[in-house]
Amino acid sequence: MEYKKSVMFPEEVDSCECKSSWKFKQKSENKTDVEKKRTSSAEAPVKLPPPCNTLKRKLSSDDEGRMLEGPCKLQKRVRVNNGDQDSVYVDPSDLDCSLCMRLLYEPVTTPCGHTYCLKCLERCLDHNSKCPLCKEDLCEYLAVRKFCKTGLMEDLIAKYFPEELKERKMVYEEEIAELSNLNTNVPIFVCTMAYPTVPCPLHIFEPCYRLMIRRCMETGTKQFGMCIGDSVKGFADYGCMLEIRNVEFFADGRSVVDSIGKRRFKVIRHSQRDGYNTADIEYVEDDKVSPGRTLRRDLLVLHDSVYDQAYTWFSTLKPALKGRILSHFGSMPAKETDLQVNPNGPAWCWWILAVLPLESRAQLPFLAMTSLKDRLTSIRRLDVLTSQ
């Protein structure tokens, strides 16, 4: 059955009636519900959810309950009972040191109420005597030098975060083992000449060397290398290991170190660590003399001759100069019956080299010598001794 429908076009409609008369003459009620929904969904604006705030904020008690119900990306959290009050949740990151950003290890609390790792606080106070966070003056706290550990914090970490504490302790022990190696990354003090068996007192005031000396004491090695400076490499290729006999600390963090020379070494690789120089080294020892009687007798004669020459030079010094030498280096060692009992040779050779008025560059070759005969011959040829 055919039917006609009449349509009114825009030009046939009066402008004032365009909104009401622009429609089909056929009843529009015949449209289905589905067509209405499609039309309304196409014309209606899409409503987007409000943008999410990505800034971190402190969770309220209600938020905590909702967070625990669903999946969460937060780290491990434990519930800590607070007596009769409501329980609170503690995250391991809440117990991180604000200096190293790791779990507190050997925590200490300053008078201003801030808690740090013991080693972190000591290292920070090497540079500045103020609290790293609030900048309160800690001069009196530093002068006492008794950093008592915070027992409550240690117990809290041990009780609620035993796995994290075990891992943190393992990292610390690995660092100590690395610092205890006396062949690789050995700490080097770039200052003056040092010799085996000869005392070498030092005044420590630079932050990097404060850290170095403290680490030598903490590891138990109590040893570090001493080298003179070099304009190209930073420090010379030969040096001497020093052993710390005593350390006296002052209120401002400075210290006086009483050390003595031990072994000579050759630098294999120059490097740095935490502001001070380090090196991979190999130790140097004198070559053993062949068992021939003639060679031993000739070496003994040379040894006695050079010793007498050195002793005569020292005896002719002015009393004031001699007194300063004796107070600094001690008395001249006596002759040794066995010249090869010490891998560095007779002790008096190093003592006389330390007190002779020679430049460091002139003294350095003696550390590299592995022949006792060559060392004695070179000492005998020194102008200071031959001029007497």
Side-chain angles (χ1 to χ4, degrees), residues 123 126-127 175-176 178-219 221-245 247 253-286 328-329 343-345 349-371 374-375 378-379 382:
R123 186 172 176 181
D126 287 339
H127 298 266
E175 293 176 351
I176 293 296
E178 183 180 354
L179 294 171
S180 303
N181 194 324
L182 293 181
N183 294 93
T184 305
N185 288 327
V186 177
I188 302 295
F189 196 116
V190 182
C191 184
T192 184
M193 285 295 301
Y195 300 100
T197 70
V198 178
C200 184
L202 299 169
H203 175 213
I204 308 299
F205 58 91
E206 295 183 54
C208 61
Y209 290 130
R210 293 185 191 183
L211 173 64
M212 187 192 77
I213 295 298
R214 192 166 54 249
R215 283 177 171 174
C216 291
M217 300 299 292
E218 291 170 357
T219 57
T221 62
K222 297 184 179 182
Q223 294 189 41
F224 60 94
M226 174 66 76
C227 292
I228 61 173
D230 184 273
S231 58
V232 178
K233 299 180 180 180
F235 53 94
D237 290 331
Y238 287 88
C240 180
M241 293 295 294
L242 294 178
E243 183 180 43
I244 301 173
R245 297 188 292 188
V247 181
R254 295 178 299 115
S255 61
V256 172
V257 177
D258 177 21
S259 62
I260 189 170
K262 299 299 289 184
R263 295 182 288 179
R264 296 171 289 159
F265 62 83
K266 178 183 178 181
V267 176
I268 305 301
R269 184 177 67 89
H270 299 68
S271 57
Q272 285 191 340
R273 183 190 184 105
D274 297 331
Y276 59 84
N277 293 283
T278 61
D280 295 348
I281 63 174
E282 63 179 17
Y283 294 100
V284 178
E285 296 183 356
D286 282 355
H328 188 86
F329 297 101
N344 295 305
C349 292
W350 304 114
W351 185 91
I352 197 66
L353 286 170
V355 303
L356 285 173
L358 299 174
E359 294 184 357
S360 298
R361 286 294 168 185
Q363 296 173 322
L364 184 61
F366 288 96
L367 289 178
M369 292 182 181
T370 57
S371 170
D374 293 344
R375 189 181 308 122
S378 299
I379 293 175
L382 290 175

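- Looking only at side-chain heavy atoms (C-beta outward), Ile281 and Met241 come within less than 4.5 Å of each other.
- Remark: Thr197 engages no residue in a side chain to side chain donor-acceptor pair (under 3.5 Å) (not counting sequence neighbours).
- With sequence neighbours excluded, no residue forms a ring-ring contact (aromatic ring centres under 6.0 Å, His included) with Phe224.
- Although no hydrogens or angles enter the test, the distance criterion places a donor-acceptor pair under 3.5 Å between the side chain of Ser271 and the main chain of Thr278.
- Residues that satisfy the salt bridge (charged side-chain N to carboxylate O under 4.0 Å, His left out) test with Asp126, not counting sequence neighbours, are Arg214.
- Of the possible donor and acceptor atoms, one in the side chain of Trp350 sits under 3.5 Å from a partner among the backbone N and O of Asn344.
- Applying the ring-ring contact (aromatic ring centres under 6.0 Å, His included) test to Tyr209 and every residue at least two apart in sequence or in another chain returns Phe189.
- Leu202 has its side chain within reach of Met226: a pair of non-hydrogen atoms, C-beta onward, lies under 4.5 Å apart.
- Between Ala194 and Leu367, the closest heavy-atom pair is O-CD2, 3.9 Å.
- Here Tyr283 pairs with nothing under the ring-ring contact (aromatic ring centres under 6.0 Å, His included) rule; sequence neighbours left out.
- Pairing each heavy atom of Arg375 with each of Met369, the nearest pair is NH2-O, 3.2 Å.
- Counting only residues at least two apart or on different chains, the side chain to side chain donor-acceptor pair (under 3.5 Å) pairs with a member in residues 355-370 are Tyr195-Gln363, Asp230-Arg361, Asp287-Thr370.
- Evaluation of the side chain to side chain contact (heavy atoms under 4.5 Å, CB included) rule for Asp237 yields Lys233, His270 as partners, not counting sequence neighbours.
- Every residue meeting the salt bridge (charged side-chain N to carboxylate O under 4.0 Å, His left out) condition with Glu243, not counting sequence neighbours, appears here in chain and number order: Lys262.
- Residues Ile244 and Ile213 are in side-chain contact: their nearest non-hydrogen atoms beyond the backbone lie under 4.5 Å apart.
- For the side chain to side chain donor-acceptor pair (under 3.5 Å) test, no residue two or more places apart in sequence or in another chain qualifies with Asn183.
- In terms of the side chain to side chain donor-acceptor pair (under 3.5 Å) criterion, residue partners of Arg245 (sequence neighbours excluded) are, by chain and number, Asp258.
- In this structure His127 satisfies the ring-ring contact (aromatic ring centres under 6.0 Å, His included) test with no other residue, sequence neighbours excluded.
- Remark: side-chain polar atoms of Asp280 are paired, donor with acceptor, to backbone N or O of Asn185 under 3.5 angstrom.
- Between Ser378 and Phe366 the shortest heavy-atom distance is CB-CE2, 3.5 Å.
- Tyr276 is linked by a side chain to side chain donor-acceptor pair (under 3.5 Å) to Arg215, counting only residues two or more places apart in sequence or in another chain.
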